[in-house]
Structures are given as C-alpha cells and as structure tokens.
Amino acid sequence: MILILLGPPGAGKGTQAQRLVSAHRLVQLSTGDMVRAAIASGSEVGCQIKTYYDAGKLVPDALIIAMFGERLAQPDCVRGAILDGFPRTVAQAAALDAMLAERGLTLDHVIEMTVDDEALIERIAGRFTCAACGTGYHDRFKPTKVSGICDTCGGMQFNRRADDKAETVRARLEVYNGQTAPLLPYFRAKGKLRSVDGMASIDTVGRAINAILEGHAG
Ligand code: AP5
Ligand code: MG
C-alpha cells in the first residue's frame with residue numbers, strides 16, 4: 001500500500017504515520033527526517049540543504065527527489081510505505097508517479113489532514129521527540145506517561161526542532177499554502193484525495209484514517 005499523508009506543518013502527519021507503522025507493518029518515509037539526518041551527518045548534501053531547512057523553505061526538488069528515490073528503492077519498501085512530507089510540489093508528485101510505475105507500485109490513498117493555523121502553531125510550539133528512538137510527543141496533547149521518560153524506549157533525552165521557532169513556522173505555513181496546497185486539486189483530479197478533520201484528537205484522527213484505509217469511511 002502506498003499512502004500519502006498531506007497537510008501543513010504540525011497537522012499530525014508524523015504522529016499518524018508512527019501509529020500506522022505499528023498497525024500495518026508499513027515503513028514511514030519522512031523526507032523531513034531524511035533532511036534532518038543529512039544535516040546532522042554534516043555531509044556535503046547536508047550542508048547544502050541546511051540553509052533551506054533553517055529558513056523554513058523547501059529543499060530543491062532535484063535533491064529531495066533523489067533522496068526520496070534512494071530510500072524507496074530499499075528492500076523494506078517492497079510492501080509499500082506511508083509517505084510523510086513527500087511529495088510537496090507538483091514536480092515531486094510527477095516524479096513519484098514515475099518511481100511508483102517503475103517499481104510496479106500504485107498510489108492507493110492521499111489523505112489530507114486539515115487543521116486551523118492557530119492550532120498548528122500551538123502544536124508545533126509544544127512538540128518534542130525522544131532523542132534515542134524518535135517517538136513524538138507534545139507538552140499538552142501527548143505528554144510522556146512518566147514525566148521525562150520516553151514511553152517507547154525509556155530514553156531520558158528529548159529534542160526540539162531547530163525549525164520550530166515562531167518566525168520559521170510562519171514561513172513554513174506560507175510555503176505550504178503556496179507550493180504544496182496545489183497538490184490538493186492535482187490528487188483530487190486523479191480521484192485519490194480524501195480529507196480528515198485534523199482538529200480532532202489524535203485517536204479520533206487515527207480512527208478516521210483507518211476507516212478510509214479499510215474502505216468504510218462515509
Ligand atoms: P517536515 O519535517 O516534513 O515538517 P512539516 O511538514 O513542516 O511538518 P511537521 O513535521 O512540522 O508536522 P507533522 O504534520 O508531522 O506534525 P506532528 O505529527 O509532528 O519538513 C521539515 C522541512 O524539511 C521542510 O520545511 C523542508 O525544509 C524540508 N523538507 C521535508 N520534506 C520536503 C520535501 N518533500 N520537499 C522539499 N523540502 C522538504 O504533530 C505536531 C505536534 O502536534 C506533535 O507534538 C503531536 O504530538 C501533536 N499532535 C498531532 N496530532 C494532534 C492532534 N490530533 N491533536 C492534538 N495534538 C496533536
Ligand atoms: Mg513531521
């Protein structure tokens with residue numbers, strides 16, 4: 001199964017992708033995580049893309065398409081994947097079509113998660129992740145069960161993202177509206193697009209996504 005989760009920064013793409021990974025034994029392909037790993041590695045590509053990332057801008061299509069294509073070619077993607085943050089431009093969507101066709105895979109669902117701008121900003125401001133295993137949390141909406149200890153791995157160190165500063169978040173929202181929102185009519189025209197109310201609780205959004213995947217959504 002190939003599933004695209006589409007939505008603005010803070011919509012809950014990563015949160016829902018992590019839930020689907022455990023439930024459906026699929027891999028999560030987050031281009032944001034790939035970009036952060038490349039920057040952290042200090043590689044030449046990492047240095048090239050850091051300026052874009054820090055400013056909340058999109059990494060150039062050619063670079064991100066190559067990075068994503070390399071990951072999709074790994075053997076663990078043979079059963080399909082959850083695409084979290086890719087594609088983000090019409091050029092990336094066209095490249096994805098070609099990659100899927102080449103591998104005999106088909107795009108099953110594109111799920112748009114809609115959330116008000118104010119809520120997005122609150123979600124991003126309270127977000128943190130486990131430094132050891134990457135599990136995502138929120139100060140208010142998804143705290144750890146025991147304060148300071150990761151529910152998944154017991155880790156005690158947590159990170160907040162460098163691009164989660166207020167001014168960068170505003171830039172990321174503008175980029176979403178200008179460059180990524182045009183994907184909505186693109187996928188609607190292909191008959192693939194479904195929307196879920198991303199303002200609901202994490203569990204409710206998860207159930208709405210499952211209903212679409214299981215083919216019994218209203
Ligand atoms: P990326 O890492 O993909 O960031 P993003 O799209 O801005 O989205 P976020 O990760 O901020 O939000 P999310 O939707 O995953 O929300 P989350 O689940 O964490 O990309 C970062 C950068 O990398 C880009 O700016 C760009 O530079 C580059 N990049 C990446 N992909 C690219 C591409 N394809 N092309 C070019 N450049 C690319 O949830 C947020 C918080 O809210 C969490 O704390 C969570 O616990 C909480 N929460 C989640 N759901 C709910 C809910 N229903 N109710 C209450 N709280 C909730
Ligand atoms: Mg994310």
Side-chain angles (χ1 to χ4, degrees), residues 1-35 37 58-59 61-115 120 134-136 175-177 179-218:
M1 176 172 69
I2 298 286
L3 160 67
I4 297 175
L5 294 177
L6 198 58
K13 304 181 294 294
T15 302
Q16 295 300 331
Q18 285 185 353
R19 289 168 63 107
L20 289 163
V21 164
S22 358
H24 296 265
R25 293 194 302 125
L26 292 168
V27 288
Q28 172 189 8
L29 300 187
S30 160
T31 40
D33 287 348
M34 293 174 205
V35 164
L58 293 186
V59 170
D61 283 335
L63 278 176
I64 207 85
I65 289 168
M67 207 180 260
F68 175 84
E70 210 173 290
R71 182 63 188 87
L72 185 70
Q74 301 297 310
D76 60 343
C77 296
V78 66
R79 291 185 61 245
I82 302 157
L83 277 46
D84 159 11
F86 185 93
R88 248 160 149 117
T89 61
V90 173
Q92 291 178 23
L96 175 66
D97 281 344
M99 281 184 233
L100 294 181
E102 202 177 296
R103 290 175 205 294
L105 294 165
T106 44
L107 173 59
D108 297 283
H109 304 280
V110 180
I111 302 184
E112 176 200 14
M113 307 170 70
T114 57
V115 180
L120 294 174
T135 299
V175 165
Y176 179 79
N177 291 327
Q179 293 178 260
T180 306
L183 287 177
L184 298 171
Y186 176 91
F187 287 121
R188 193 173 293 119
K190 289 177 178 279
K192 299 282 183 195
L193 187 72
R194 302 295 300 270
S195 273
V196 297
D197 175 13
M199 291 293 287
S201 70
I202 294 175
D203 283 345
T204 306
V205 175
R207 280 195 294 275
I209 292 176
N210 277 331
I212 293 172
L213 303 187
E214 288 159 15
H216 54 74

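Every value quoted in this text rests on a predicted model; they were computed, and no experiment measured them. Just so it is clear, the values below take in all heavy atoms, side chains as well, and ignore hydrogens, waters and symmetry mates.
Between I111 and L3 the shortest side-chain heavy-atom distance falls below 4.5 Å. Put simply, the side chain of R19 reaches to within 4.5 Å of the side chain of D203, judged on heavy atoms. Looking at H24 and N210, their side chains come closer than 4.5 Å, going by heavy atoms from C-beta outward. Residues T31 and M67 have side chains not in contact (no heavy-atom distance under 4.5 Å, counting atoms from C-beta outward). At a threshold of 4.5 Å between non-hydrogen side-chain atoms, the residues I65 and Q92 count as touching. Counting heavy atoms from C-beta outward, I202 and Q16 have side chains that approach closer than 4.5 Å. Side-chain contact between I64 and L58: absent, with no pair of heavy atoms (C-beta onward) separated by less than 4.5 Å. Within the 4.5 Å cutoff, side-chain heavy atoms of M34 are placed close to those of L29.
Scanning both residues, T106 and L100, for their nearest heavy atoms gives C-CD1, 4.4 Å. The minimum heavy-atom distance between A73 and R103, with the atom names listed, is CB-NH2, 3.6 Å. Of all the heavy atoms in V205 and A200, the pair that sits closest is CG2-O, 3.6 Å. Contact detail for D84 and G14: the closest heavy-atom pair is OD2-CA, 3.4 Å. For L120 against A11, the heavy-atom pair with the smallest separation is CD2-N, 3.7 Å.
In this structure, CG on L6 lies 9.0 Å from CZ on R88, to the nearest 0.5 angstrom. Once rounded to the nearest 0.5 Å, the distance linking CG of L5 with OG of S30 reads 10.5 Å. The OG atom of S22 sits 10.0 Å away from atom CD of Q28, with the distance rounded to the nearest 0.5 Å.
At a cut-off of 3.5 Å, with distance as the only test, a side-chain donor of E112 or S195 sits close to an acceptor on the other residue.
Screening residues 61-101 for ring pair (Phe, Tyr, Trp, His ring centres under 6.0 Å), with sequence neighbours left out, gives F68-F86.
Judged by distance alone, the side chain of K13 and the main-chain N or O of G7 form a donor-acceptor pair under 3.5 Å. A distance-only check finds a donor-acceptor pair linking the side chain of T114 to the backbone of V196 [under 3.5 Å].
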Please tabulate, one pair per line, all N/O donor-acceptor pairs under 3.5 Å involving side-chain atoms of residues 182-193, not counting sequence neighbours.
| unit_1 | atom_1 | unit_2 | atom_2 | d |
| --- | --- | --- | --- | --- |
| Y186 | OH | D97 | OD2 | 3.0 |
| K190 | NZ | D97 | OD2 | 3.2 |
| K192 | NZ | L107 | O | 2.8 |

Before you tell me yes or no, could you show the steps for L20 and L213 under side chain to side chain contact (heavy atoms under 4.5 Å, CB included), namely the whole-Å CA-CA distance, both residues' side-chain angles and the distance that decides it to 0.1 Å? CA-CA 10 Å; L20 289 163; L213 303 187; 3.7 Å; yes
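Under the 4.0 Å criterion applied to side-chain N and carboxylate O atoms, D76 and R71 are assigned as salt-bridge partners.
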